[in-house]
Amino acid sequence: MKRGRLWLALAAFIGLPASARAEPSRAKAEIALESHAGQSTAPYFTRAFPSTSGYGASVVLDARMSVSPRLVVGARVPFTFMRVEQPAGALYAEAAWANPELGVTLDQPWFERQAWRMHFATGVAVGAPLAEHDAAQLAGRALRLANAFEGFSEPALYTPGVISVSPSGSLTAEQAAWKLSAAVRIPLLIRTSDADLPPEARARAFGLVPVLGLELQRRLLRWLSLAAAPRLTVLTLAPVHEEGPPVQFLAGGHADARLGEHFTLSALFQAPLGRPLGGSTLAGGLRLSAVF
Amino acid sequence: MASRLSLLGLACAYCCASCDPRVCADQQARTQALPPRLSQTGLFADLRRQQLEAGVFAYAPEFTLWSDGAEKRRFIAIPEGERIDSHDPEAWVFPEGTKLWKEFNQADRHLETRLFQKTGPGEGDWAAAAYVWSADQSDAELAPYGALDVQGTDHDVPASGECFACHDGRPNRILGFSAVQLAPRSYDAPDRLTELAAQSLLSEPLTALDVPGTSIERAALGYLHANCSHCHNQSDAARSKSKCFNPNQRLSFELDFTLHAGNLSTVEQSGAYRTAVGQVIEPGDPSGSKLVQLMAKRSRGLGQMPPLGTERVDDQGLGVVREWIQSL
């Protein structure tokens, strides 16, 4: 019986979509503003610009609402403002909207005994192709930098010219002050336009960019917790053909401070390790969330 | 309070970015007046044979800008019937329609040709952009945003806004075509000043402007004039309020003949000596001079001098400057 439940859970984990980032929210609503600031040199797709460099920030407005005890609907609206390096060394300022996303997450308790609690979540998010692009590839390069801050793990948000469908799943185990989560998100990116990319860029009609994430969180105090949150992104079928290694590893983490009953302020840290971004990209950020 | 902290952090990041002197305006709109192909700009009557259009002539400045060893050719065309206002020998005023081209070559291959074209009567009425040559060398295409590593070389083509990062440092926006740069310095050098006067292309006759000092002093002062004075001068042109590589300090590396009524007779009168010695030049100590330290570095951004358009140190130019500082 136990083996049967294990196989069922594993099948659900692999087969059913869930939000790779979402935790089951017991609150009615949550709204958050997350910003990532960093500097990066990342590979790019065109003959004129085989790479792009610069610094700046991306901001994501993240809102979720529980429509039932287990069902959460959410939206993410991203925006970037970057200083994109030009060939001779000057910087151009570029602000660009990225792709907004709507999603649903279903939380399913699985196991609860004494101090242990496990649950899995499945979900799906759909992104609209509203990211800016231009023939000069300024907006495209700015969005590429924003995705580089995340180790290329957010292609649904930062790829111009695609509609995304992102099924996801996660499994979370909690015990006392510890919480361990494993998540997978598999964005399918369906091209709706060439995003002004030149022919040599080899844009694919469909892209698939699986992202695997782990998070280990430890509550240090009632109001303070620390977490390590590495991610692995598979780039083999990226929406634009990429030379170089098939995966990108991202070392990340965050520290969360609860400020009263409703607010949490998190400090984020992200550093890609290994090619193509390792050594050339570093980002950090802040997330302020409010739950009601 | 927490929300204010988060917003404050974002605001700080944004403000710091706004304070970055490397941030320049996107000047793509100023390239609208330029044709899409180099063959349409009026430089060549026969591009394949490299035959110049009538009225276009080649020139070479005496003191050249370091461009990572690229071979360069320069051309100018003044509209028929027009003349250059040469009243100010350091700031010639060019008529509307004037075109200047600068071609960059490596190993006998054309990489890019930059065009500066006067589009109106005002001093700042210029359009500028680079044309990137195709691999088959049949023509070059307008590239308002430049390009990296063209034709498999490490040569980068600047974006239009980067042209003005340097050229906006001069009132007339033109750097290498002036009385200082065209006066012959050796017996076998072409005398472009006399040629221009003979063709009635100058409003006033000019006498040659002699750079003072020994051969090393002249070479060093000329090098600093050509490579540094478009940003480091006291003309302040159009950039007194803009960032875009506008330096804060009051250094001047220009050969400022006008300041001395056309007669710069001693090295001590030069802008480099007056403003830099004791500041970024330590007499007798090249390695201890900040000028040499920055010229010897390549690290992108403001940690190197010049800060734009070069990824390799000019060992020969650096050697000339070092030798001059050593002699002080």
Side-chain angles (χ1 to χ4, degrees), chain A residues 31-39 41 43-44 46-59 79 81-95 134-141 198 257-260 262-268 283-290, chain B residues 1-14 16-18 20-28 67 112 130 132 135 141 143-152 155-166 243-245 298-304 306-311:
Chain A
I31 188 160
L33 192 66
E34 185 169 312
S35 66
H36 297 261
Q39 191 276 331
T41 297
Y44 200 65
T46 68
R47 189 180 303 127
F49 300 104
S51 65
T52 180
S53 294
Y55 68 86
S58 61
V59 176
F79 179 77
F81 46 95
M82 295 287 172
R83 300 290 184 262
V84 182
E85 191 169 314
Q86 301 306 303
L91 298 168
Y92 279 3
E94 179 68 15
D134 53 63
Q137 296 299 313
L138 262 182
R141 284 186 278 157
R258 286 191 64 180
L259 309 171
H262 298 290
F263 295 97
T264 302
L265 181 66
S266 304
L268 317 170
L286 291 174
R287 179 184 170 95
L288 179 67
S289 62
Chain B
M1 181 187 159
S3 60
R4 280 192 220 123
L5 275 174
S6 181
L7 287 172
L8 182 63
L10 278 176
C12 283
Y14 183 70
C16 290
S18 297
D20 191 336
R22 294 174 296 163
V23 176
C24 297
D26 181 351
Q27 302 278 6
Q28 187 267 344
S67 301
E112 62 157 315
V132 178
E141 274 196 39
Y145 288 92
L148 293 171
D149 300 338
V150 292
Q151 295 185 41
H155 182 83
D156 298 333
V157 175
S160 180
E162 297 181 295
C163 301
F164 293 101
C166 291
K243 291 174 272 293
C244 195
F245 293 95
R298 285 299 180 263
S299 64
R300 295 296 266 196
L302 299 175
Q304 66 174 63
L308 272 176
T310 168
E311 294 173 357

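Here is how names work: the chains are called A, B, and so on, in the same order as the sequence lines, proteins then strands, and each is numbered from 1. None of these values were measured; they are calculated from a predicted model.
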K.L.:
Quick check: closest heavy atoms across A/Phe49 and A/Tyr44, and the distance to 0.1 Å?
P.N.:
O-CB, 3.2 Å
K.L.:
Checking heavy atoms, do the side chain of A/Glu94, its backbone, both or neither come under 4.5 Å from chain B?
P.N.:
neither
K.L.:
Below 4.5 Å from any heavy atom of chain B, which atoms of A/Thr46 appear? Answer side chain, backbone, both or neither.
P.N.:
neither
K.L.:
Please state whether the side chain, the backbone, both or neither of B/Gln27 comes within less than 4.5 Å of a heavy atom of chain A.
P.N.:
backbone
K.L.:
Output the option from A/Ser53, A/Ala90, A/Pro50 having the highest count of non-hydrogen pairs under 4.5 Å with chain B.
P.N.:
A/Ala90
K.L.:
Would you say that B/Glu162 contacts A/Pro87 through its side chain, given a criterion of any heavy-atom pair below 4.5 Å between the two side chains?
P.N.:
yes
K.L.:
Is the shortest heavy-atom distance from the side chain of A/Ser58 to the side chain of A/His36 under 4.5 Å?
P.N.:
yes
K.L.:
Which bit of B/Ala143 is near chain A, if near means a heavy-atom gap under 4.5 Å: side chain, backbone, both or neither?
P.N.:
neither
K.L.:
From A/Ile31 CD1 over to A/Ser289 OG, what is the distance, rounded to the nearest 0.5 angstrom?
P.N.:
10.5 Å
K.L.:
Any non-hydrogen side-chain atom of B/Asp156 less than 4.5 Å from a side-chain atom of B/Glu311?
P.N.:
yes
